[in-house]
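Taking it in order: structure first as structure tokens, then the write-up.
The figures that follow rest on heavy atoms only: side chains count, while hydrogens, waters and symmetry mates do not. Quantities reported herein were computed from a predicted structural model and do not represent experimental measurements. For ligands, and for the atoms within them, numbers begin at 1 and follow the listed sequence.
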Amino acid sequence: MCGIVAYIGEEQAFPIVLKGLKRLEYRGYDSAGIALINKEGLLNYKHKGKVSELEKHTDKKNIDGTIGIGHTRWATHGLPNDVNAHPHLSGNENIALIHNGIIENYDTLKEGLIARGHTFKSETDTEVLVHLVEDIQEHEKVSTAEAVRLALNNVIGAYAIVVMSKDNPNQLIAARKSSPLVVGIGKEGDFYLASDATPIVEYTNEVVYLEDEEIAIVERNKGLRLYNIQNQEKTPYIQELEMQLEALEKGGYEHFMLKEIHEQPRSIKDCFRGRLNVNKGWVGLGGIKDYEQQLATAKRIIFVACGTSWHAALVGEYLFEDLTRIPVEVEYASEFRYRNPIIGEGDIVIAISQSGETADTLAALELAKAKGATILGICNVVGSSISRITHAGSYTHAGPEIGVASTKAFTAQVTVLTIMALAIARKKGTLNEAKFRRIITELELIPEKVAKVLESSDYIESISEIYKDAANALYLGRGNSFPVALEGALKLKEISYIHAEGYPAAEMKHGPIALIDEAMPVFVIATKGQSYEKVVSNIQEVKARKGKVIAIVTEGDKQVKAMADHVIEIPDTDEHLVPLLATIPFQLLSYYIAVMRGCNVDQPRNLAKSVTVE
Ligand code: G6P
């Protein structure tokens with residue numbers, strides 16, 4: 001939610017900040033803006049819409065300057081228009097500020113500032129913060145950095161901010177609380193600040209991830225200084241980035257989403273590399289090794305997550321309960337945190353999050369930790385907030401996911417969950433050797449089987465053409481394919497704006513069946529396994545009402561083929577692993593349908609990838 005970028009050094013700031021904003025556009029694209037300081041003073045350009053609009057708008061303008069800050073917005077307070085776009089300026093226009101997060105007490109602060117003579121141009125909470133900094137600076141006669149520190153002591157809410165002032169064009173001041181911020185340390189004494197490392201990676205691989213309530217001051221000739229908001233100096237912990245630049249580019253694909261769908265054979269392999277050894281009959285996750293015993297003896301495991309990650313958690317529930325016999329609960333993080341949940345010391349709470357920054361998931365974890373639970377994380381973004389506040393965790397190693405609709409992160413999450421469940425089951429003795437061997441042998445084959453499913457892309461594109469104008473769609477599955485149905489429906493909603501619902505196949509008769517007519521496509525996962533015959537009956541129920549059935553079946557299936565309007569075959573695998581294959585055709589279907597409908601696949605309307613507000 002909102003991306004921020006800043007640069008100070010010897011180079012021209014504008015192109016660096018602009019390029020950085022394009023990298024962060026997945027975080028929001030309601031408006032974009034860049035402020036610079038040069039001989040003419042403080043220049044502020046901002047525009048409604050995408051970063052490309054800002055780029056057009058600034059063409060032939062004065063964009064000179066070696067210090068600059070930029071922002072791409074996902075609107076919370078105030079309409080997505082030019083005035084509400086960031087950067088926001090102080091009343092005297094000396095200070096510019098960019099912000100990701102929400103200042104919860106902005107109303108009270110605003111009233112006080114209005115009473116002291118401030119006037120506001122926008123409806124944003126951010127403008128209140130920059131006026132507060134100005135107000136403190138004027139009244140306390142302190143430096144901008146000190147005014148920022150004092151202002152933050154009066155703020156309730158979440159923030160990642162970067163501030164620059166005409167009074168000191170050699171300095172950027174940054175701070176964070178609950179919203180991410182990374183400082184890149186350039187080779188030539190230059191500095192980069194950003195919401196994540198993607199705008200930084202091509203300039204340096206040395207980074208410092210700010211902790212909550214830390215303030216970083218970067219200054220020409222003085223370098224980086226770090227303080228907490230009580231003003232105690234801290235030693236920056238410099239980490240090395242492992243991200244590759246190519247991972248941030250489309251690599252010949254038309255959209256990031258398509259690239260990421262096609263990356264899955266590799267991302268799943270990367271996910272189990274070093275964690276699976278079929279010859280030795282071994283699985284393990286280094287990151288949670290010290291907690292394996294505790295997991296094996298846990299009375300209960302609670303997964304907390306949002307969106308697609310919540311669907312992965314549902315798959316995890318099936319895996320954990322079947323393989324480890326530990327009771328599992330799956331919670332929407334946003335519900336869990338406000339429900340006074342019953343958590344005890346023996347409980348283990350596992351957060352699943354691609355970004356590692358989702359505000360509700362973070363808050364749910366903090367609550368569980370405060371109540372004495374052990375908290376673990378399954379995250380994709382290395383160094384993210386969730387990976388840092390948890391006692392331990394495992395990365396999914398899927399590489400940067402840029403498309404707003406999650407694809408490869410989902411299959412990587414399911415892969416980690418599979419390995420985790422297998423490792424605990426072995427420790428606990430709830431899984432016999434033969435079944436264990438069968439699952440790990442099949443798991444190792446999943447990347448090539450995913451590649452096989454991807455070979456059906458053209459066929460799936462042709463089915464998409466038939467259903468692209470549907471107004472509604474139903475997705476059905478049973479057992480561990482039910483979460484796949486939910487995920488399929490979510491993908492279609494998110495990027496093609498077709499109303500879709502996922503249901504356990506047998507539940508259809510308790511409501512959704514009333515919606516079925518000849519215009520309703522029903523996507524069904526009908527692969528070989530325990531509930532196959534039951535799903536076949538559900539398909540018949542749909543056909544009896546003239547619904548259109550598009551079924552995902554196991555290679556060679558004949559029975560469903562005879563009934564369904566279309567079948568998409570996936571290779572046979574162990575039943576526990578079906579979600580890793582069955583989800584792929586649904587990703588492709590929604591992708592093609594969205595493209596055919598002229599939708600912006602990578603940046604669907606109203607959505608953002610990293611949801612750092614409640
Ligand atoms: C947003 C994204 C989804 C994602 C969800 C949870 O809604 O658009 O793709 O699944 O947030 O994000 P997380 O980073 O915690 O997995």
With a 4.5 Å heavy-atom cut-off, do Glu487 and Thr308 have their side chains touching?
yes
What do you reckon, does Gly356 have a nitrogen or oxygen under 3.5 Å from a nitrogen or oxygen of ligand 1?
no
Is the distance between the ring centroids of Phe320 and Phe303 under 6.0 Å?
yes
Under 3.5 Å, N or O to N or O, is Gln413 touching ligand 1 that way?
no
From Tyr591 OH over to His262 NE2, what is the distance, rounded to the nearest 0.5 angstrom?
8.5 Å
At a 4.0 Å threshold, what atoms of ligand 1 neighbour a non-hydrogen atom of Ser353?
13 (P), 14 (O), 15 (O), 16 (O)
Do Arg73 and Asp30 sit within salt-bridge range, that is, some charged N less than 4.0 Å from a carboxylate O?
no
Thr361 to ligand 1: N or O pair under 3.5 Å?
no
Which residue holds the protein heavy atom closest to atom 12 (O) of ligand 1, what is that atom called, and what is the gap in Å?
Thr358 OG1, 3.3 Å
Only heavy atoms of Ser309, strictly under 4.0 Å: list the atoms of ligand 1 that pass.
10 (O), 13 (P), 16 (O)
Counting each atom of ligand 1 from 1 as listed, which ones have a heavy atom of Ser406 under 4.0 Å away?
9 (O)
Salt bridge present between Glu202 and Arg23 (N-O < 4.0 angstrom)
yes
May I ask you to identify the nearest protein heavy atom to atom 8 (O) of ligand 1, giving residue, atom name and distance to one decimal place in Å?
Ala608 O, 3.2 Å
Among protein heavy atoms, which sits nearest to atom 9 (O) of ligand 1, and what does the distance come to when rounded to 0.1 Å?
Val404 O, 3.3 Å
So which heavy atom in the protein is nearest atom 7 (O) of ligand 1, and how far is it from that ligand atom?
Val611 CG2, 4.0 Å
So, is the end of the Lys491 side chain (NZ or CZ) under 6.0 Å from the ring centre of Phe586 and within 45° of the ring's axis?
no
Within the structure provided, determine whether Leu454 and Ile261 are in side-chain contact (heavy-atom separation under 4.5 Å).
yes
Look at atom 4 (C) of ligand 1 and say which protein heavy atom is nearest, naming residue and atom and giving the distance to 0.1 Å.
Thr308 N, 4.2 Å
Could you tell me whether Arg597 sits above the aromatic face of Tyr497, with NZ or CZ closer than 6.0 angstrom to the six-membered ring centre and within 45 degrees of the axis?
no
Of the listed options (Cys306, Ala351, Ala333), which comes nearest to atom 6 (C) of ligand 1 when hydrogens are ignored and any heavy atom counts?
Cys306
